[in-house]
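A, B, ... follow the sequence lines: proteins, then strands. Residue 1 opens every chain.
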Amino acid sequence: MPELPEVETVCRGMRPLLDGAILSEVIVRRSDLRFPLPPDFAARLTGQQVVRLRRRAKYILMEMADGQTVIMHLGMSGRIKLIAAADQPSARPLAKHDHVVFITDRGDYLVYNDPRRFGFMDMCAGDTLLSHKLFRDMGPEPLGNEFHPNGLTARLAGRKVAIKQALLDQKNVVGLGNIYVCEALFEAGISPFMAAGQVTMEQLERLVPRIQQVLRRAIEAGGSTLKDYARVDGELGYFQHSFRVYGREGEACKTKGCSSMIARAVQGGRSTFYCPVCQHVD
DNA sequence: CGTACACCCTGGCCGC
DNA sequence: TGCGGCCAGGGTGTAC
């Protein structure tokens with residue numbers, strides 16, 4: 001599911017029920033996610049108070065009053081479901097693939113569900129987060145001040161890898177996945193096949209704001225729902241209706257006056273959707 | 001460093 | 001109705 005807009009939407013949705021809540025019970029139904037849960041995961045969290053929820057890249061960070069931070073990644077198919085105390089049936093409302101459940105002192109449930117188990121959780125002391133191997137080599141947040149054409153051109157200088165793949169590399173910029181990279185490159189009129197180091201400053205000055213625009217619009221739409229993804233209340237995102245290229249192979253390009261069809265290619269084992277005309281692909 | 005690929009896992013969809 | 005093959009939003013690790 002989750003690229004930056006989806007993770008951001010989930011994180012925002014968690015705050016009303018989780019901010020300030022005390023975890024009165026933590027249930028681990030499966031500890032073998034992509035990586036095993038840390039030892040004593042449930043015991044270390046039980047009785048602890050949540051002081052802040054935030055997002056870094058595609059990770060949700062849940063900061064606890066004792067200084068520990070829970071790191072959550074949703075992988076491809078992970079979901080967070082919130083079930084308010086008032087909405088609960090008498091029996092515990094758990095379903096298949098509900099792997100970890102946090103129950104707050106208010107009786108609300110936060111359920112981590114992930115059919116494919118590509119997602120995972122970890123814990124670390126909050127002051128060691130930046131040196132954690134997951135975060136150490138990360139590039140800038142695309143919606144933050146550190147993301148700008150000058151920085152990007154420095155990171156991409158001399159790189160022969162295709163710009164599509166370079167933008168998926170979280171060392172260059174975080175939070176982008178297959179959907180939003182395809183969409184942003186289309187919006188900027190840049191071929192996904194260009195060598196990253198060959199992309200001109202003029203093109204990067206177009207690309208950076210287009211990346212930011214597509215991400216902001218997707219957040220406003222509550223993310224994109226293809227299959228698994230839903231907001232924490234079960235509502236679906238609707239940015240998928242705004243896709244210009246993703247998943248539209250063989251359909252007409254929506255650019256006014258362009259009569260081309262959207263094409264699909266495989267780069268690094270993953271589908272790239274693009275307009276050969278608008279993106280100047282020979 | 002780049003590329004190509006396999007792999008982690010489940011489920012949905014398509015064609016037969 | 002069933003089965004095999006293929007596909008999927010992410011990320012890591014290997015060999016060459």
**OP:** Round to a whole Å and report the spacing from CG of A:D114 to P of C:dG10.
**Re:** 13 Å

**OP:** Assign a letter to each nucleotide of nucleotides 11-16 of chain C from its 5' end: B, base within under 4.0 Å of a protein heavy atom; S, sugar-phosphate only; -, no contact.
**Re:** BS----

Subject >> Residue pairs passing the side chain to side chain donor-acceptor pair (under 3.5 Å) test where at least one lies in residues 206-216 of chain A, sequence neighbours excluded >> reply: A:R210-A:Q213

**OP:** Let me see the working for A:L4 and A:V7 under side chain to side chain contact (heavy atoms under 4.5 Å, CB included), right down to the final yes or no.
**Re:** CA-CA 5 Å; A:L4 185 151; A:V7 178; 5.9 Å; no

**OP:** Please state the C1' separation for the pair C:dG9 and B:dT3 - nearest whole angstrom.
**Re:** 23 Å

Original post:
Which pair of non-hydrogen atoms, one from A:D19 and one from A:V51, has the smallest distance, and what is that distance?
Top reply: OD1-O, 4.1 Å

Subject >> side chain to side chain contact (heavy atoms under 4.5 Å, CB included) against A:V28, all qualifying residues, sequence neighbours excluded >> reply: A:S31, A:L37, A:F41, A:A42

**OP:** Round to the nearest Å and state the distance from A:E6 atom CD to C:dG9 atom C1'.
**Re:** 7 Å

Original post:
On a whole-Å scale, what distance lies between the C1' atoms belonging to B:dC1 and C:dG10?
Top reply: 23 Å

Original post:
With respect to the phosphate group of C:dA8, does any side-chain polar atom (N or O) of A:Y229 fall under 4.0 Å of OP1 or OP2?
Top reply: no

**OP:** Starting from P on C:dC7, measure out to CG on A:D228 and report it in whole angstrom.
**Re:** 18 Å

For residues 146-156 of chain A, tabulate all N or O donor-acceptor pairs below 3.5 Å that involve a side-chain atom, not counting sequence neighbours.
unit_1: A:H148; atom_1: ND1; unit_2: A:G151; atom_2: N; d: 3.0
unit_1: A:R155; atom_1: NH1; unit_2: A:K171; atom_2: O; d: 2.9

Subject >> Protein-nucleotide distance (A:K227, atom NZ; C:dG9, atom P), rounded to Å >> reply: 11 Å

**OP:** Using side chain to side chain contact (heavy atoms under 4.5 Å, CB included) as the criterion, list what pairs up with A:A252, not counting sequence neighbours.
**Re:** none

Original post:
So does A:R34 pair up with A:D114, basic N to acidic O under 4.0 Å?
Top reply: no

Original post:
Checking side chain to side chain donor-acceptor pair (under 3.5 Å) for the pair A:D32/A:H99: CA distance, chi angles, key distance, verdict?
Top reply: CA-CA 9 Å; A:D32 57 332; A:H99 304 311; over 6 Å; no

**OP:** Determine which pairs satisfy side chain to side chain donor-acceptor pair (under 3.5 Å) with at least one residue from residues 8-17 of chain A, sequence neighbours left out, and list them in order.
**Re:** A:E8-A:R12, A:E8-A:R55

**OP:** Using the test side chain to side chain donor-acceptor pair (under 3.5 Å), find all partners of A:E249 that sit at least two apart in sequence or belong to another chain.
**Re:** A:R264

Under 3.5 Å, sequence neighbours excluded: what are the donor-acceptor pairs made by side chains of residues 175-196 of chain A?
unit_1: A:N178; atom_1: OD1; unit_2: A:K164; atom_2: NZ; d: 2.9
unit_1: A:N178; atom_1: ND2; unit_2: A:S271; atom_2: O; d: 2.9
unit_1: A:Y180; atom_1: OH; unit_2: A:E6; atom_2: OE2; d: 2.6
unit_1: A:Y180; atom_1: OH; unit_2: A:S224; atom_2: OG; d: 2.6
unit_1: A:E183; atom_1: OE1; unit_2: A:R244; atom_2: N; d: 2.8
unit_1: A:E183; atom_1: OE2; unit_2: A:R244; atom_2: N; d: 3.3
unit_1: A:E183; atom_1: OE2; unit_2: A:V245; atom_2: N; d: 3.0
unit_1: A:E183; atom_1: OE2; unit_2: A:Y246; atom_2: N; d: 2.8
unit_1: A:S191; atom_1: OG; unit_2: A:F193; atom_2: N; d: 3.0

Subject >> Working for side chain to side chain donor-acceptor pair (under 3.5 Å), residues A:T225 and A:Q240 >> reply: CA-CA 6 Å; A:T225 296; A:Q240 66 278 10; 4.7 Å; no

**OP:** Could you tell me from which nucleotide to which nucleotide of DNA chain B, 5' to 3', there is an atom under 4.0 Å from chain A heavy atoms?
**Re:** B:dG2 to B:dG12

Subject >> Residues in contact with DNA chain B, drawn from residues 151-164 of chain A - heavy-atom cutoff 4.0 Å >> reply: A:R159, A:K160, A:V161

Original post:
Tell me: CE of A:M138 to P of C:dG10, nearest whole Å?
Top reply: 13 Å

Original post:
Mapping A:G269 and A:R30 onto DNA chain B by nearest heavy atom, which one lands closer to the 5' end?
Top reply: A:G269

Original post:
Using the P atom in both, what is the distance from C:dC7 to B:dC5, to the nearest Å?
Top reply: 13 Å

Original post:
What heavy-atom pair brings A:R56 and A:P140 nearest, and what distance separates the two atoms?
Top reply: NH1-C, 4.2 Å

Original post:
When the distance from CD of A:E3 to C1' of C:dG10 is rounded to whole Å, what number comes out?
Top reply: 9 Å

Original post:
In whole Å, what is the span from the OH atom of A:Y180 to the P atom of C:dG10?
Top reply: 10 Å

**OP:** Check every strand shown and say whether A:F239 touches a base, only sugar-phosphate, or nothing at a heavy-atom separation below 4.0 Å.
**Re:** nothing

Original post:
Starting at CD1 of A:I179 and ending at P of C:dG10, how long is that distance when rounded to a whole Å?
Top reply: 7 Å

Original post:
What would the secondary structure line of DNA chain C be in dot-bracket form, counting Watson-Crick and G-U wobble pairs under 3.5 Å, with [ ] for pairs that cross earlier ones and | for pairs with another strand?
Top reply: .|||||||.|||||||

N/O donor-acceptor pairs under 3.5 Å from side chains in residues 62-76 of chain A, not counting sequence neighbours:
unit_1: A:E63; atom_1: OE1; unit_2: A:R52; atom_2: NE; d: 3.1
unit_1: A:E63; atom_1: OE2; unit_2: A:R52; atom_2: NH2; d: 3.3
unit_1: A:E63; atom_1: OE2; unit_2: A:R54; atom_2: NE; d: 2.5
unit_1: A:E63; atom_1: OE2; unit_2: A:R54; atom_2: NH2; d: 3.4
unit_1: A:D66; atom_1: OD1; unit_2: A:Q68; atom_2: N; d: 3.0
unit_1: A:D66; atom_1: OD2; unit_2: A:Q68; atom_2: NE2; d: 3.2
unit_1: A:Q68; atom_1: OE1; unit_2: A:R44; atom_2: NH2; d: 3.0
unit_1: A:H73; atom_1: ND1; unit_2: A:G75; atom_2: N; d: 2.8

